[in-house]
Novice: 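Quick one: this structure, given as structure tokens, is what I'll be asking you about.
Computed from a prediction, not measured in an experiment: that's the story for all the values here. One-based numbering, in listed order, for ligands and for the atoms of each.
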Amino acid sequence: MSNTIYRSKGSFRYRHIHELKKDIEELELDIKVSNNTDLFETKVDLGDCIIPNSIVSLPMEGGDSNEKGSPTQLTYRKYEKIARGGAGLIWLEAVSVSKDGRSNDKQLWLTEDNWIEFKKLNDLIKSSAKEEFGEDYNPITILQLNHSGRYCKIKGKSNPIIATHKRDLDNRLGIDEDYPVVSDDYLKGLENEFLKSAKLAKKAGFDGVDIKACHGYLLSELLSAYEREGEYGGSFENRIKLLINIIQRIKEDKECEGLILASRLNVSDVLPYPQGWGMSKSGEYIIDLEEPKKLIEILKDKGVSLISLTMGNPYFIPHINKPYDIGTYIPDENVIISCNRLISEIGKIQRQFPEVNIVGVGYSWFRHLAPYVAAGSLENGLCNLVGFGREGIAYPDFAKDILRDKEMKKAKVCISCSKCSEMKSKIGTCGCVVRDSKVYLPIYQEMKREEN
Ligand SMILES: Cc1cc2nc3c(=O)[nH]c(=O)nc-3n(C[C@H](O)[C@H](O)[C@H](O)COP(=O)(O)O)c2cc1C
Ligand code: SF4
């Protein structure tokens, strides 16, 4: 990530909802707006458990574990705030399933030796939420399990583990064409790593696990391994095989009984075929949902009851995945168009699968107007639950304010300045530099001093 910062076209400038509505109409966007904020109170029935409202705090990797992968005071502090913030579903950040699959040495990593620390984390979330909202209140917790693939780092140095070559992504990381791809045996072995982590997550008390297949990490990369040879590449069935096998193994394992099966999936990589999943095979820059829809049908049949949809690759085209006002380059589209892409494509999936609980994303950029955009999505069937990522660290009690006061406060919202992303990419550890400045501004400043 370079040090230069750029302001995106069409940065946020709306004071009132009618100004936003005007732009939505003029630009003929699919974004919907509604004042019906009561919709956030809708409970979501997952069969064995109930999500107490329709608001989700999305995963935000904080890079604050100790060297063994256990949560530290920073981790506990973040999740206690989120728990007290009132989101009905707390989707915890990416936790590595193996030592070599970590995104950096400070990424959480769940093992036989530290599962009890993760239990403490889950207990803290549950007890803090009960203290805040009463004994009967039970937010649902999902632990995101991941292998970082080409974005693995050891001791601050990139250590890519790739399933297939992708020209543009390889170039960005300095991977040459002779760099080895992992073997089929390595991939097969990951079934055990994910299963082991799922069993530990269950033991630690989490309600469910997310088998993560988004944002260009290993399972996500496999979805577009069109050019890989062997068991995990080429055909659609081969490319989804590892994800499906992991889910099947967890489903069948007695020790995982009762765990909610979830997945965070890219609906499209928004990189031209053959580099990207969910794109037209013509090689043009056109999203094609045929394969993602086929996969969701299969996941549904396998008992996956929650799917959080997202897009793009935060290391390569971050504006697609987390639309921003300030970042490392100027996207070739207005920010509202990036938000519209997320909301609209996710909506197409939710409308085709109304029985699947899809978590939508793309709302944080709307700042204090986000509740009305999110309510518009719920009202119009664009998603069953609305997810917020950066607000979770900028404004952890955003859900409480939406549910209780029917608004988000201007002085507390995320301003999409990308400083948390900059920290994540450079030092691993990150938080909100703007709204949680007492803790994260000194870390950010120290990072900047070391750069100079
Ligand atoms: C610093 C940072 C860390 C993130 N960590 C994760 C993560 O661990 N897992 C994940 O699936 N997404 C992660 N995301 C993506 C967010 O969950 C979310 O999809 C994205 O920020 C867009 O939502 P928003 O506009 O509400 O922020 C991260 C985003 C940022 C900025
Ligand atoms: S640093 Fe804070 S305000 Fe800036 S993008 Fe991250 S969460 Fe938002």
Novice: For the residue pair T429 and K424, confirm or rule out a side-chain donor-acceptor distance under 3.5 Å.
Specialist: no
Novice: With sequence neighbours excluded, what pairs up with Y14 under the ring pair (Phe, Tyr, Trp, His ring centres under 6.0 Å) test?
Specialist: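 Result, ring pair (Phe, Tyr, Trp, His ring centres under 6.0 Å) vs Y14: F12.
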Novice: Please determine, by modelled atom types, if Q275 and D269 share a side-chain donor-acceptor pair under 3.5 angstrom.
Specialist: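 The criterion, which ignores hydrogens and geometry beyond distance, is not satisfied for D269 and Q275.
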Novice: What about Q144: any of its N or O atoms under 3.5 Å from an N or O on ligand 1?
Specialist: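 In this structure, Q144 places an N or O atom under 3.5 Å from an N or O of ligand 1.
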Novice: At under 4.0 Å between heavy atoms, is it the side chain or the backbone of K212 that contacts ligand 1, or both, or neither?
Specialist: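 Side chain only.
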Novice: We want to know whether E422 and Y444 form a side-chain donor-acceptor pair, criterion being a heavy-atom distance below 3.5 angstrom.
Specialist: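 Note: E422 and Y444 side chains meet the donor-acceptor criterion.
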Novice: Please tell me whether S70 and E117 have a donor and an acceptor in their side chains that are separated by less than 3.5 angstrom.
Specialist: no
Novice: To which protein heavy atom is atom 29 (C) of ligand 1 closest, and what is the distance rounded to 0.1 Å?
Specialist: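 For atom 29 (C) of ligand 1, the nearest protein heavy atom comes out as M60 SD, 3.5 Å.
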Novice: Quick one: does Y363 get an N or O within less than 3.5 Å of an N or O on ligand 1?
Specialist: no
Novice: Give me the residue, atom name and distance of the protein heavy atom closest to atom 22 (C) of ligand 1.
Specialist: N321 O, 3.4 Å
Novice: Within the structure, does P59 bring an N/O atom to less than 3.5 angstrom of an N/O atom in ligand 1?
Specialist: yes
Novice: Ignoring hydrogens, just give me the one of S338, C420, S364 whose non-hydrogen atom is nearest atom 26 (O) of ligand 1.
Specialist: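 Checking each option, the heavy atom nearest atom 26 (O) of ligand 1 is found in S364.
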Novice: What's within reach of atom 8 (Fe) of ligand 2, meaning protein N/O/S atoms under 2.8 Å?
Specialist: C414 SG
Novice: With heavy atoms under 4.0 Å as the rule, classify the contact between H215 and ligand 1 as side chain, backbone, both or neither.
Specialist: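 The part of H215 near ligand 1 is the side chain, not the backbone.
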Novice: Answer yes or no: does an N/O atom from V361 fall short of 3.5 Å to an N/O atom of ligand 1?
Specialist: no
Novice: Name the closest protein heavy atom to atom 5 (N) of ligand 1, giving the residue it belongs to and the distance to 0.1 Å.
Specialist: E61 N, 2.8 Å
Novice: Any chance the side chains of T72 and N66 put a donor and an acceptor closer than 3.5 Å?
Specialist: no
Novice: Checking D100 now: which residues fulfil salt bridge (charged side-chain N to carboxylate O under 4.0 Å, His left out) with it, not counting sequence neighbours?
Specialist: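 Salt bridge (charged side-chain N to carboxylate O under 4.0 Å, His left out) check on D100 returns nothing, list empty.
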Novice: Determine whether a donor-acceptor pair (N or O, by modelled atom type, separation under 3.5 Å) exists between the side chain of D210 and the backbone of L143.
Specialist: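 No: the side chain of D210 does not pair with the backbone of L143.
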Novice: Do S96 and R102 meet the criterion of a side-chain donor-acceptor pair at a distance under 3.5 Å?
Specialist: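 No, no side-chain donor-acceptor pair sits under 3.5 Å.
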Novice: Could you tell me whether a side-chain N or O of N53 sits under 3.5 Å from a main-chain N or O of I55, the two making a donor and an acceptor?
Specialist: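 Flag set: sc N53 to bb I55 pair under 3.5 Å.
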Novice: Using distance alone, decide if ligand 1 has a nitrogen or oxygen within less than 3.5 Å of any nitrogen or oxygen in W365.
Specialist: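 No, no N or O pair falls under 3.5 Å.
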Novice: Can you list the ligand 1 atoms lying under 4.0 Å from a non-hydrogen atom of K322?
Specialist: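 The list of qualifying atoms is 20 (C), 21 (O), 22 (C), 31 (C).
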Novice: Parallel, tilted or perpendicular: which fits the ring planes of F398 and Y395, with parallel below 30° and perpendicular above 60°?
Specialist: perpendicular
Novice: Tell me every residue that passes side-chain hydrogen bond (donor to acceptor under 3.5 Å, both in side chains) with T111, counting only those two or more places apart in sequence or in another chain.
Specialist: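 Testing T111 for side-chain hydrogen bond (donor to acceptor under 3.5 Å, both in side chains), a comparison that skips the adjacent residues, returns N114.
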Novice: Flag R264 as yes when one of its N or O atoms lies below 3.5 Å from any N or O atom of ligand 1, and as no otherwise.
Specialist: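 For ligand 1, there is an N or O atom that lies under 3.5 Å from one belonging to R264.
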Novice: According to the interplanar angle, ranging from 0 to 90°, do the rings of Y151 and Y315 count as parallel (below 30°), tilted (30 to 60°) or perpendicular (above 60°)?
Specialist: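 Y151 vs Y315 ring planes: parallel.
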Novice: Using distance alone, decide if ligand 1 has a nitrogen or oxygen within less than 3.5 Å of any nitrogen or oxygen in A94.
Specialist: yes
